[in-house]
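Let me begin by presenting the structure, written as structure tokens, before commenting on it.
These numbers come from the heavy atoms of this one structure, side chains and all, not from hydrogens, waters or symmetry mates. None of these values were measured; they are calculated from a predicted model. Counting begins at 1 with the first residue of the sequence.
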Amino acid sequence: MFIDEIKIHARAGHGGKGCVALLREAYRPKGGPAGGDGGKGGDVILEADPNLTDLTAQYYQARLFAEEGKPGLGKNMSGRAGKDLVVKVPCGTLVWKLSKKTIEEQVQAREAAEREEEDQDDSSSEPDDFINDPRPARPLKDELAEMVGMKLGESGVNSDADEVLEPLESEGDETPEPMNTGELKQSASGAWAMEVDLEAEDYDDTEDLEEVDESDPIFRSPYKDREGELVADLLEPGQQVTLCLGGRGGLGNQHFATASRQTPRFAQPGEPGEEGEFFLELRSIA
């Protein structure tokens with residue numbers, strides 16, 4: 001049986017709890033707090049091994065749990081740290097971190113966020129100047145002519161021929177450049193429109209293309225309906241990648257002693273380790 005795709009669940013070890021202890025020895029009746037720190041949890045690490053050819057080992061052991069850190073002890077003794085779990089995988093393995101939400105849930109969340117942004121834009125937008133303008137409405141042909149930097153000629157409208165357009169006179173020596181080289185024409189029904197020759201305009205499609213940063217994470221759907229982020233590509237023998245980091249151990253009560261609080265009776269709990277689902281994909285030569 002050759003297995004080149006497998007989903008795994010990895011969890012790093014939790015950190016050990018800090019200890020609450022008071023030193024009690026002969027000739028030291030007031031030794032003070034002496035609680036040790038908890039140990040750090042173990043990490044989950046993947047390592048490329050050239051001796052492996054497929055992901056059969058992960059098929060029978062898909063849940064990778066690292067060792068947890070030990071709690072602290074008295075006399076300022078820290079707990080033992082958890083061992084790292086090193087898992088061997090074949091060279092050429094792609095590691096994808098799967099999202100907790102399905103693609104449908106992510107699409108619904110994005111659509112809801114877009115709707116909220118549209119509602120905010122509509123509520124915060126200014127009133128339309130055209131509706132609230134007390135001046136009388138101008139003919140559409142005058143506004144179109146003003147947009148292209150031209151004005152209608154004095155000869156009036158001729159149904160047989162196109163209208164003659166003259167440049168607008170501006171104050172000063174500078175003359176405004178027309179926004180477009182199109183011609184303003186009137187149809188048989190009386191509607192005004194501007195005819196533009198797109199082939200004559202110089203337009204570069206490459207200006208609108210955004211430069212793709214190669215350092216950005218790659219997203220796709222490697223496992224059924226889950227979206228994944230490419231974490232690592234294990235190519236070289238011995239190459240390692242840390243899937244989950246172990247939790248930090250809690251501090252003992254020795255760190256919380258002050259002049260006004262000389263016998264603290266509390267300590268920190270250990271932090272939980274990282275946890276997640278990953279998808280391993282083996283790239284092999286056909």
Leu98 vs Phe278, side-chain contact (heavy atoms from CB on, under 4.5 Å): CA-CA, chis, key distance, verdict: CA-CA 5 Å; Leu98 299 179; Phe278 298 87; 6.0 Å; no
Please tabulate, for side-chain N and O atoms in residues 63-75, each donor-acceptor pair with protein atoms closer than 3.5 Å (sequence neighbours left out).
residue: Glu67; atom: OE1; partner: Lys83; partner atom: N; Å: 3.1
residue: Glu67; atom: OE2; partner: Arg80; partner atom: NH2; Å: 3.3

Under the rule for salt bridge (charged side-chain N to carboxylate O under 4.0 Å, His left out), what residues qualify as partners of Asp43, not counting sequence neighbours? Lys40
Heavy-atom side-chain proximity of Ile45 to Val241 below 4.5 angstrom: no
Val89 side chain reached by Leu234 side chain, heavy atoms, under 4.5 Å: yes
Output for pair (Cys19 SG, Leu251 CG), nearest 0.5 Å, gives 12.5 Å
In one Ile/Leu/Val/Met/Phe/Trp/Tyr side-chain cluster, 4.5 Å: Tyr59, Val87: yes
Evaluate side-chain contact (heavy atoms from CB on, under 4.5 Å) for Glu277 paired with Lys97, printing each intermediate quantity in order. CA-CA 6 Å; Glu277 293 183 347; Lys97 184 176 182 180; over 6 Å; no
Can you pull out every salt bridge (charged side-chain N to carboxylate O under 4.0 Å, His left out) where at least one residue sits in residues 87-96? Sequence neighbours excluded, please. Glu47-Lys88
In this structure, CG of Asp84 is separated from SG of Cys244 (nearest 0.5 Å) by 12.0 Å
Counting neighbours of CZ on Arg261 that are heavy atoms of other residues, nucleotides or ligands and sit closer than 6.0 Å, is the number greater than 12? yes
Could I get the full list of side-chain hydrogen bond (donor to acceptor under 3.5 Å, both in side chains) partners for Arg11, not counting sequence neighbours? none
Just to verify, what does Gln268 make a side-chain hydrogen bond (donor to acceptor under 3.5 Å, both in side chains) with, not counting sequence neighbours? none
If you define the side chain from C-beta out and look only at heavy atoms, does anything of Pro264 sit under 4.5 Å from Asn253? yes
Any chance you could measure Asp233, atom CG, to Leu94, atom CG, to the nearest 0.5 Å? 4.5 Å
Atom CZ of Arg283 and atom CG of Leu235: how far apart are they, to the nearest 0.5 Å? 5.5 Å
Output the distance between atom CD (Glu5) and atom CG (Leu282), rounded to the nearest 0.5 Å. 9.5 Å
Show me the pairs that pass ring pair (Phe, Tyr, Trp, His ring centres under 6.0 Å) and involve residues 228-256, at least two apart or across chains. Phe256-Phe266
Ala12 versus Gly42, closest heavy-atom pair with distance: CB-O, 3.3 Å
Side chain to side chain, Ile8 and Leu243, heavy atoms closer than 4.5 Å: yes
Flag yes if Val86 and Tyr60 sit in one hydrophobic cluster, no otherwise; membership is Ile, Leu, Val, Met, Phe, Trp, Tyr, and two members link when side-chain heavy atoms are under 4.5 Å apart. no
Val44 side chain reached by Thr242 side chain, heavy atoms, under 4.5 Å: no
Side-chain contact, heavy-atom cut-off 4.5 Å: Asp54 with Asp4? no
Separation of Gln254 CD from Asn76 CG (nearest 0.5 Å): 4.0 Å
How far apart are the closest heavy atoms of His14 and Pro272, and which atoms are they? ND1-CA, 3.3 Å
Taking C-beta and beyond as the side chain, do Trp96 and Glu229 meet within less than 4.5 Å on heavy atoms? no
Heavy-atom count check: over 12 atoms from other residues, nucleotides or ligands less than 6.0 Å from Gln61 CD? no
